[in-house]
Amino acid sequence: MNLCDTNVVRRLMASYGISFRHEFGQNFLTDPSVIEEIAAAAYPTEDCTILEIGPGIGTLTRALCERYRKVIALEIDRNLIPILDETLADFDNVTVINADVMKTDLAELLASAFAEGAVAVCANLPYYITSPILMKLLESDLPFWGVTVMVQKEFADRLCAAPGGKEYGAITVSAAYRGSAEKILNVPADRFLPAPKVDSAVARLRLYGDRKPVVPKDEDLFFRTVRAAFGQRRKTLANALTAGFPELGKQTVTTLLEELNLPADIRGERLSVEQFANLSNLILEKQTESKKE
(Lines give C-alpha, C1' and ligand atoms only; values in the text may rest on other atoms or scores of the structure.)
Protein backbone atom coordinates (compact mmCIF):
# COMPACT_ATOMS: atom_id res chain seq x y z
CA MET A 1 0.00 0.00 0.00
CA ASN A 2 1.56 3.27 -1.15
CA LEU A 3 0.53 5.84 1.44
CA CYS A 4 2.51 8.50 -0.42
CA ASP A 5 0.06 8.32 -3.32
CA THR A 6 -2.55 11.01 -2.73
CA ASN A 7 -5.19 9.03 -4.62
CA VAL A 8 -4.59 6.01 -2.39
CA VAL A 9 -4.86 8.19 0.71
CA ARG A 10 -8.11 9.78 -0.45
CA ARG A 11 -9.65 6.42 -1.36
CA LEU A 12 -8.55 4.92 1.93
CA MET A 13 -10.11 7.68 4.00
CA ALA A 14 -13.26 7.68 1.89
CA SER A 15 -13.64 3.92 2.40
CA TYR A 16 -13.81 4.54 6.14
CA GLY A 17 -16.09 7.55 5.75
CA ILE A 18 -13.72 10.02 7.37
CA SER A 19 -12.11 13.30 6.34
CA PHE A 20 -9.10 15.34 7.38
CA ARG A 21 -9.67 17.01 10.74
CA HIS A 22 -8.33 20.53 11.03
CA GLU A 23 -8.71 20.57 14.82
CA PHE A 24 -6.12 17.78 15.05
CA GLY A 25 -3.76 19.40 12.57
CA GLN A 26 -4.03 16.49 10.16
CA ASN A 27 -1.68 17.05 7.21
CA PHE A 28 -0.25 13.76 5.97
CA LEU A 29 3.20 13.51 4.38
CA THR A 30 3.31 12.29 0.80
CA ASP A 31 7.04 12.51 0.03
CA PRO A 32 8.77 9.12 0.52
CA SER A 33 12.27 10.62 0.64
CA VAL A 34 11.27 12.98 3.45
CA ILE A 35 9.66 10.12 5.35
CA GLU A 36 12.83 8.06 5.08
CA GLU A 37 15.00 10.95 6.25
CA ILE A 38 12.80 11.54 9.29
CA ALA A 39 12.82 7.85 10.19
CA ALA A 40 16.58 7.58 9.75
CA ALA A 41 17.20 10.61 11.98
CA ALA A 42 15.31 9.18 14.97
CA TYR A 43 18.10 6.86 16.20
CA PRO A 44 21.45 5.65 14.84
CA THR A 45 20.72 1.88 15.00
CA GLU A 46 17.70 -0.43 14.81
CA ASP A 47 17.95 -1.38 18.48
CA CYS A 48 15.49 1.18 19.78
CA THR A 49 11.87 1.74 20.77
CA ILE A 50 10.27 4.70 19.02
CA LEU A 51 7.45 6.72 20.57
CA GLU A 52 5.53 8.22 17.66
CA ILE A 53 3.04 10.99 18.40
CA GLY A 54 0.23 11.40 15.87
CA PRO A 55 0.77 8.55 13.38
CA GLY A 56 -2.18 9.70 11.24
CA ILE A 57 -2.80 6.97 8.68
CA GLY A 58 0.57 5.32 9.36
CA THR A 59 2.80 6.68 6.59
CA LEU A 60 5.78 7.48 8.83
CA THR A 61 4.84 4.66 11.20
CA ARG A 62 5.47 2.06 8.51
CA ALA A 63 8.95 3.47 7.87
CA LEU A 64 9.68 3.41 11.60
CA CYS A 65 8.46 -0.18 11.93
CA GLU A 66 10.74 -1.26 9.09
CA ARG A 67 13.75 0.37 10.72
CA TYR A 68 13.41 -0.06 14.50
CA ARG A 69 12.81 -2.82 17.04
CA LYS A 70 9.50 -1.50 18.33
CA VAL A 71 7.11 1.40 17.74
CA ILE A 72 4.52 2.76 20.16
CA ALA A 73 2.17 5.17 18.40
CA LEU A 74 -0.22 7.54 20.17
CA GLU A 75 -3.15 8.70 18.02
CA ILE A 76 -5.72 11.13 19.44
CA ASP A 77 -8.29 10.66 16.66
CA ARG A 78 -10.21 7.43 17.31
CA ASN A 79 -11.59 7.57 13.76
CA LEU A 80 -8.10 6.79 12.44
CA ILE A 81 -7.60 3.65 14.54
CA PRO A 82 -9.40 1.33 12.04
CA ILE A 83 -7.27 2.75 9.22
CA LEU A 84 -4.10 2.17 11.23
CA ASP A 85 -5.21 -1.41 11.89
CA GLU A 86 -5.26 -1.87 8.11
CA THR A 87 -2.15 0.07 7.08
CA LEU A 88 0.01 -1.46 9.82
CA ALA A 89 -1.35 -5.00 9.55
CA ASP A 90 1.96 -6.21 8.07
CA PHE A 91 3.92 -5.33 11.22
CA ASP A 92 4.01 -7.13 14.56
CA ASN A 93 6.36 -4.65 16.23
CA VAL A 94 3.90 -1.76 16.58
CA THR A 95 1.39 -0.87 19.27
CA VAL A 96 -1.21 1.79 18.45
CA ILE A 97 -2.90 3.53 21.36
CA ASN A 98 -5.88 5.85 21.02
CA ALA A 99 -4.79 8.56 23.45
CA ASP A 100 -3.94 12.23 23.83
CA VAL A 101 -0.22 12.57 24.54
CA MET A 102 -0.92 15.60 26.75
CA LYS A 103 -3.06 13.41 29.03
CA THR A 104 -0.85 10.32 28.91
CA ASP A 105 1.45 9.19 31.72
CA LEU A 106 4.53 8.66 29.58
CA ALA A 107 6.60 7.24 32.43
CA GLU A 108 4.05 4.49 32.98
CA LEU A 109 3.49 3.88 29.28
CA LEU A 110 7.19 3.54 28.49
CA ALA A 111 8.45 1.88 31.68
CA SER A 112 9.06 -1.51 30.04
CA ALA A 113 10.52 0.12 26.91
CA PHE A 114 13.09 2.04 28.96
CA ALA A 115 13.91 -1.20 30.81
CA GLU A 116 14.63 -2.88 27.46
CA GLY A 117 16.95 -0.18 26.10
CA ALA A 118 16.99 3.07 24.19
CA VAL A 119 13.79 5.04 23.55
CA ALA A 120 13.50 7.96 21.12
CA VAL A 121 10.64 10.18 20.01
CA CYS A 122 9.67 10.76 16.39
CA ALA A 123 6.62 12.79 15.41
CA ASN A 124 4.92 15.00 12.88
CA LEU A 125 3.53 17.47 15.42
CA PRO A 126 0.36 19.49 14.83
CA TYR A 127 1.31 23.16 14.56
CA TYR A 128 -1.27 24.34 17.08
CA ILE A 129 0.13 22.28 19.94
CA THR A 130 3.80 21.89 19.04
CA SER A 131 5.22 23.83 21.99
CA PRO A 132 3.09 22.17 24.72
CA ILE A 133 3.92 18.67 23.44
CA LEU A 134 7.63 19.40 23.15
CA MET A 135 7.75 20.94 26.62
CA LYS A 136 5.92 17.96 28.09
CA LEU A 137 8.54 15.66 26.59
CA LEU A 138 11.43 17.78 27.83
CA GLU A 139 10.03 18.49 31.28
CA SER A 140 9.18 14.82 31.84
CA ASP A 141 12.91 14.22 32.45
CA LEU A 142 12.45 10.76 30.96
CA PRO A 143 15.66 9.32 29.49
CA PHE A 144 14.78 9.74 25.82
CA TRP A 145 17.78 9.42 23.51
CA GLY A 146 16.42 12.23 21.42
CA VAL A 147 13.37 13.92 19.93
CA THR A 148 12.96 14.20 16.14
CA VAL A 149 10.00 16.31 15.09
CA MET A 150 8.37 17.73 12.00
CA VAL A 151 7.17 21.21 12.94
CA GLN A 152 6.35 24.56 11.38
CA LYS A 153 9.55 25.95 9.83
CA GLU A 154 9.49 29.07 12.03
CA PHE A 155 9.31 26.90 15.14
CA ALA A 156 12.26 24.81 13.96
CA ASP A 157 14.22 28.02 13.41
CA ARG A 158 13.48 29.08 16.99
CA LEU A 159 14.37 25.67 18.36
CA CYS A 160 17.77 25.67 16.65
CA ALA A 161 18.60 29.39 16.91
CA ALA A 162 21.87 30.78 18.23
CA PRO A 163 22.04 33.60 20.80
CA GLY A 164 21.60 37.07 19.34
CA GLY A 165 19.09 36.33 16.60
CA LYS A 166 15.45 37.33 16.51
CA GLU A 167 14.39 33.65 16.56
CA TYR A 168 16.21 33.04 19.85
CA GLY A 169 13.79 32.83 22.77
CA ALA A 170 12.67 30.96 25.87
CA ILE A 171 11.92 27.75 23.94
CA THR A 172 15.43 27.89 22.45
CA VAL A 173 17.07 28.16 25.87
CA SER A 174 14.85 25.46 27.33
CA ALA A 175 15.77 23.07 24.53
CA ALA A 176 19.48 24.01 24.52
CA TYR A 177 19.66 23.43 28.27
CA ARG A 178 18.48 19.85 27.77
CA GLY A 179 20.07 18.94 24.47
CA SER A 180 21.71 19.87 21.20
CA ALA A 181 19.28 20.90 18.45
CA GLU A 182 19.85 20.77 14.70
CA LYS A 183 17.66 21.20 11.67
CA ILE A 184 17.62 18.11 9.48
CA LEU A 185 15.72 19.40 6.44
CA ASN A 186 13.08 21.84 5.22
CA VAL A 187 9.79 20.45 3.90
CA PRO A 188 7.63 22.56 1.54
CA ALA A 189 3.89 22.70 2.12
CA ASP A 190 3.16 20.85 -1.13
CA ARG A 191 4.63 17.64 0.35
CA PHE A 192 1.49 17.19 2.48
CA LEU A 193 -2.13 16.21 1.94
CA PRO A 194 -3.91 18.50 2.44
CA ALA A 195 -1.21 21.16 1.98
CA PRO A 196 -0.87 23.44 5.03
CA LYS A 197 -0.54 27.20 4.61
CA VAL A 198 3.05 27.22 5.86
CA ASP A 199 6.25 25.29 5.20
CA SER A 200 7.62 22.77 7.67
CA ALA A 201 11.01 21.55 8.83
CA VAL A 202 12.42 18.54 10.62
CA ALA A 203 14.50 19.22 13.72
CA ARG A 204 16.27 16.80 16.02
CA LEU A 205 17.10 17.43 19.66
CA ARG A 206 19.77 15.06 20.96
CA LEU A 207 19.18 15.05 24.72
CA TYR A 208 21.99 15.32 27.26
CA GLY A 209 20.20 13.34 29.95
CA ASP A 210 22.20 13.49 33.16
CA ARG A 211 25.26 14.81 31.28
CA LYS A 212 24.13 18.41 30.86
CA PRO A 213 27.14 20.68 30.22
CA VAL A 214 25.48 23.49 32.18
CA VAL A 215 23.83 22.82 35.54
CA PRO A 216 22.41 25.78 37.51
CA LYS A 217 22.23 25.62 41.30
CA ASP A 218 18.44 25.93 41.22
CA GLU A 219 16.71 24.68 38.06
CA ASP A 220 13.35 26.28 38.90
CA LEU A 221 15.03 29.63 39.42
CA PHE A 222 16.97 29.18 36.17
CA PHE A 223 13.74 28.81 34.21
CA ARG A 224 12.12 31.68 36.10
CA THR A 225 15.06 33.83 35.02
CA VAL A 226 14.65 32.72 31.40
CA ARG A 227 10.91 33.41 31.44
CA ALA A 228 11.48 36.83 32.93
CA ALA A 229 14.13 37.68 30.34
CA PHE A 230 11.82 36.89 27.44
CA GLY A 231 8.55 37.93 29.03
CA GLN A 232 8.92 41.46 27.68
CA ARG A 233 11.23 41.19 24.68
CA ARG A 234 11.18 44.89 23.85
CA LYS A 235 12.69 45.74 27.21
CA THR A 236 16.33 45.52 28.14
CA LEU A 237 17.32 42.54 30.25
CA ALA A 238 17.66 44.80 33.29
CA ASN A 239 14.09 46.08 32.96
CA ALA A 240 12.70 42.64 32.13
CA LEU A 241 14.36 41.08 35.18
CA THR A 242 13.19 43.92 37.40
CA ALA A 243 9.65 43.18 36.31
CA GLY A 244 10.14 39.43 36.74
CA PHE A 245 11.89 39.75 40.11
CA PRO A 246 10.23 42.75 41.77
CA GLU A 247 11.67 41.66 45.13
CA LEU A 248 15.17 42.45 43.88
CA GLY A 249 14.70 45.98 42.58
CA LYS A 250 16.32 47.72 39.62
CA GLN A 251 19.58 48.59 41.38
CA THR A 252 20.26 45.03 42.50
CA VAL A 253 19.49 43.68 39.04
CA THR A 254 21.86 46.21 37.49
CA THR A 255 24.59 45.21 39.94
CA LEU A 256 24.15 41.52 39.12
CA LEU A 257 24.52 42.21 35.41
CA GLU A 258 27.66 44.23 36.10
CA GLU A 259 29.12 41.28 38.03
CA LEU A 260 28.70 39.17 34.89
CA ASN A 261 30.23 41.91 32.72
CA LEU A 262 26.98 42.29 30.80
CA PRO A 263 26.16 45.68 29.25
CA ALA A 264 23.39 47.66 30.91
CA ASP A 265 21.36 47.73 27.69
CA ILE A 266 21.75 44.04 26.76
CA ARG A 267 18.62 42.07 25.92
CA GLY A 268 17.77 38.52 26.91
CA GLU A 269 18.17 37.08 23.43
CA ARG A 270 21.92 37.67 23.58
CA LEU A 271 22.56 35.41 26.57
CA SER A 272 23.74 31.82 26.21
CA VAL A 273 22.47 28.98 28.38
CA GLU A 274 25.62 29.24 30.49
CA GLN A 275 25.12 32.97 31.01
CA PHE A 276 21.51 32.40 32.07
CA ALA A 277 22.72 29.77 34.54
CA ASN A 278 25.35 32.14 35.95
CA LEU A 279 22.74 34.89 36.23
CA SER A 280 20.26 32.65 38.04
CA ASN A 281 23.03 31.52 40.40
CA LEU A 282 23.75 35.15 41.31
CA ILE A 283 20.05 35.81 41.84
CA LEU A 284 19.93 32.78 44.14
CA GLU A 285 22.86 34.11 46.14
CA LYS A 286 21.18 37.51 46.48
CA GLN A 287 17.90 35.91 47.55
CA THR A 288 19.74 33.80 50.13
CA GLU A 289 21.52 36.88 51.51
CA SER A 290 18.24 38.76 51.78
CA LYS A 291 16.66 35.96 53.79
CA LYS A 292 19.52 36.08 56.29
CA GLU A 293 19.13 39.82 56.86
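Just so it is clear, the values below take in all heavy atoms, side chains as well, and ignore hydrogens, waters and symmetry mates. What you are looking at is a predicted structure, and each value in this text was computed from that prediction instead of being measured.
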Rounded to the nearest 0.5 Å, what separates atom [atom1] in [X] from atom [atom2] in [Y]?
{"X": "I72", "Y": "T61", "atom1": "CD1", "atom2": "OG1", "result": "12.5 Å"}
{"X": "T242", "Y": "Q251", "atom1": "OG1", "atom2": "CD", "result": "9.5 Å"}
{"X": "C160", "Y": "E167", "atom1": "SG", "atom2": "CD", "result": "10.5 Å"}
{"X": "S174", "Y": "L134", "atom1": "OG", "atom2": "CG", "result": "7.5 Å"}
{"X": "F223", "Y": "D218", "atom1": "CZ", "atom2": "CG", "result": "11.0 Å"}
{"X": "N278", "Y": "K217", "atom1": "CG", "atom2": "NZ", "result": "9.5 Å"}

Check: [Y] and [X] side chains under 4.5 Å, non-hydrogen atoms:
{"X": "M13", "Y": "F28", "value": "yes"}
{"X": "N98", "Y": "D77", "value": "no"}
{"X": "L125", "Y": "I129", "value": "no"}
{"X": "I76", "Y": "V101", "value": "no"}
{"X": "E46", "Y": "R67", "value": "no"}
{"X": "L3", "Y": "L12", "value": "yes"}
{"X": "L221", "Y": "P216", "value": "no"}
{"X": "R62", "Y": "D90", "value": "yes"}

Under 3.5 Å, is there a donor-acceptor pair between the side chain of [X] and the main chain of [Y]?
{"X": "Q275", "Y": "S272", "result": "yes"}
{"X": "S180", "Y": "A176", "result": "no"}
{"X": "N186", "Y": "A201", "result": "no"}
{"X": "E52", "Y": "V121", "result": "no"}
{"X": "K286", "Y": "V253", "result": "no"}
{"X": "D199", "Y": "A189", "result": "yes"}
{"X": "S140", "Y": "L142", "result": "yes"}
{"X": "N281", "Y": "A277", "result": "yes"}

Kindly give the heavy-atom pair with the smallest separation between [X] and [Y], and that separation in Å.
{"X": "G56", "Y": "E75", "result": "N-OE1, 3.0 Å"}
{"X": "S280", "Y": "T225", "result": "CB-OG1, 3.5 Å"}
{"X": "T172", "Y": "L159", "result": "CG2-O, 3.9 Å"}
{"X": "L138", "Y": "A175", "result": "CD1-CA, 4.2 Å"}
{"X": "A63", "Y": "A39", "result": "CB-CB, 4.0 Å"}
{"X": "Y168", "Y": "L271", "result": "OH-O, 2.7 Å"}

Should the pair Y177 and F222 be assigned to parallel (<30°), tilted (30 to 60°) or perpendicular (>60°) ring geometry? tilted
Go through the steps for F114 and F144 under the test ring-ring contact (aromatic ring centres under 6.0 Å, His included), then give the verdict. CA-CA 8 Å; F114 282 120; F144 293 116; 5.6 Å; yes
Sequence neighbours excluded, every pair satisfying salt bridge (charged side-chain N to carboxylate O under 4.0 Å, His left out) that has a member inside residues 171-197: D31-R191, D157-K183, E182-R204
CD of E36: more than 12 outside heavy atoms within 6.0 angstrom?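 Above 12, so yes.
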More than 12 heavy atoms of other residues, nucleotides or ligands under 6.0 Å from CZ of R224: is that the case? yes
Given the rule that I, L, V, M, F, W and Y join up when any side-chain heavy atoms are under 4.5 Å apart, are [X] and [Y] in one cluster?
{"X": "M135", "Y": "V273", "value": "no"}
{"X": "L282", "Y": "V215", "value": "no"}
{"X": "L51", "Y": "L205", "value": "yes"}
{"X": "L137", "Y": "Y208", "value": "no"}

Among L248, L257, L256, exactly one meets side-chain contact (heavy atoms from CB on, under 4.5 Å) together with L241. Which residue is that?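 One option only clears the test, and that one is L257.
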Who else is in the cluster with L60 when I, L, V, M, F, W and Y are joined by side-chain contacts under 4.5 Å?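 Under the 4.5 Å side-chain rule, L60 groups with L29, V34, I35, I38, Y43, I50, L64, Y68, V71, I81, L84, L88, F91, V94, V96, W145, M150, I184, L185, V187, F192, V202.
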Check the pair I171 / F155 against side-chain contact (heavy atoms from CB on, under 4.5 Å), numbers first and verdict last. CA-CA 9 Å; I171 188 71; F155 186 91; 4.0 Å; yes
Can we say R69 and D47 salt-bridge, meaning some charged N sits less than 4.0 Å from an Asp/Glu carboxylate O?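 Salt bridge flag = yes for D47 with R69.
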NZ/NE/NH1/NH2 to OD/OE distance under 4.0 Å, E269 and R158: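 No, this pair does not count.
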